[in-house]
Amino acid sequence: MQTAKNIGEVRLSTDLILDLKELTAGFPEHKIFMVFESNTWASCRTRVIGFRNVPEENILVLKPGEDNKNISQVIEVWEHLGKAGADRHSLVINVGGGMLTDLGGFAACTFKRGLAFINIPTTLLAMVDASTGGKTGINFRGLKNEIGVIRQPKNVLIHMPFLRTLDRENLLSGYAEMLKAGLIADRQLWDRLKAFDMTDMDEEILEELIWQSIGIKKRVVDEDPEERGIRKALNFGHTIGHALESEALHAGQPLPHGFAVAFGMITEAILSNRKCGLSPESVSDIRETVIRLYGEPPVTMKESDPLLGWMRFDKKNRDNTINFTLLDEIGSCRINQAGDDEEIREVLRLTKP
Ligand code: GLY
């Protein structure tokens with residue numbers, strides 16, 4: 001009996017073993033490979049190991065963390081696949097947070113020009129963003145996701161019980177991407193997310209909110225998988241957010257991705273007011289919601305030079321202009337909005353007065 005909910009290749013899975021049995025049926029066991037990160041291996045493996053008789057030597061456990069999202073670990077996966085005889089008919093199953101699904105996906109889709117892969121995200125951030133949409137990659141020269149390709153996973157399995165293994169910081173980091181989904185596409189979702197009690201979480205409601213957020217992402221990606229146009233909507237908050245994240249990493253005080261995006265959404269809401277007519281009430285609504293959940297924006301937001309420096313390296317830029325997705329109202333956005341240095345300095349000043 002099929003009870004799972006699906007949006008395209010993304011499935012809400014209550015029983016990973018059952019779903020993996022079904023979804024891997026076309027692959028011989030010795031052609032199935034699994035990649036974990038060590039913390040996920042410790043806390044999540046019992047829910048995924050044993051769906052078939054995958055040989056132990058086909059399971060690889062990588063080092064976790066953004067610092068390890070690098071070419072050395074990709075080479076480790078390639079070496080492993082090569083030694084174990086992986087070929088074009090093999091399947092890679094990535095189990096972990098966004099770092100792991102990005103890296104494992106990249107290793108899979110570059111090995112022998114591309115193996116199929118399944119993502120099983122174990123963090124909220126990976127569930128609502130990284131694991132879906134086919135962006136794979138690694139960091140390079142201090143720049144996030146500088147090297148990578150877009151290739152859609154064969155399947156993505158969302159398993160809610162993994163969220164019980166996460167601390168509040170981790171949950172909040174993913175929640176920022178859900179807030180973003182509401183802001184760019186669905187006012188009602190934004191209102192529901194604002195009202196949701198993160199300190200006493202109702203798992204059923206959270207599941208609905210996650211599923212709605214994934215639905216928005218999937219709709220956008222299906223329309224524009226290569227990010228030529230509308231997919232850029234998903235970048236709201238990210239032009240400033242990525243710069244902030246890079247600067248924090250550079251300063252040795254890493255800021256979780258979602259926190260950086262959340263603070264970026266305040267700045268970009270102010271810019272949206274200037275350039276796209278977002279109402280002052282909506283700017284205050286966004287600012288107050290972010291500060292209530294994530295605290296005050298960090299002091300580094302006062303220093304616009306380093307942030308502008310990072311923004312110039314942003315993949316989203318074209319012809320030397322810094323590119324934004326901005327809101328005209330909550331639930332509706334405009335892509336390809338260029339901001340000049342003075343405007344950006346000004347809105348950064350207003351974010352952290
Ligand atoms: N994280 C934004 C996207 O997948 O396009």
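Remember, it's 1-based here, ligands and their atoms both numbered in the order they're listed.
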Could you see which bit of E227 sits under 4.0 Å from ligand 1, with heavy atoms only: side chain, backbone, both or neither? side chain
Any salt bridge between R231 and E223, counting N to O under 4.0 Å? no
Before giving the answer on side chain to side chain donor-acceptor pair (under 3.5 Å), spell out for W190 and T289 the whole-Å C-alpha distance, their side-chain angles and the decisive distance to 0.1 Å. CA-CA 10 Å; W190 165 254; T289 304; 5.4 Å; no
Answer yes or no: is there an ion pair linking D102 with K135, defined by an N-O contact shorter than 4.0 Å? no
Side chain to side chain, W211 and V10, heavy atoms closer than 4.5 Å: yes
Judging by distance only, is a nitrogen or oxygen of T132 under 3.5 angstrom from one on ligand 1? no
Can you check whether K180 has an N/O within less than 3.5 Å of an N/O in ligand 1? no
Does the distance from a Lys or Arg side-chain N to an Asp or Glu carboxylate O, for E9 and K218, drop under 4.0 Å? yes
What do you reckon, does H238 put a non-hydrogen atom under 4.0 Å from ligand 1? no
Considering heavy atoms of the protein only, find what lies nearest to atom 2 (C) of ligand 1 and give residue, atom and distance to 0.1 Å. D129 OD1, 3.7 Å
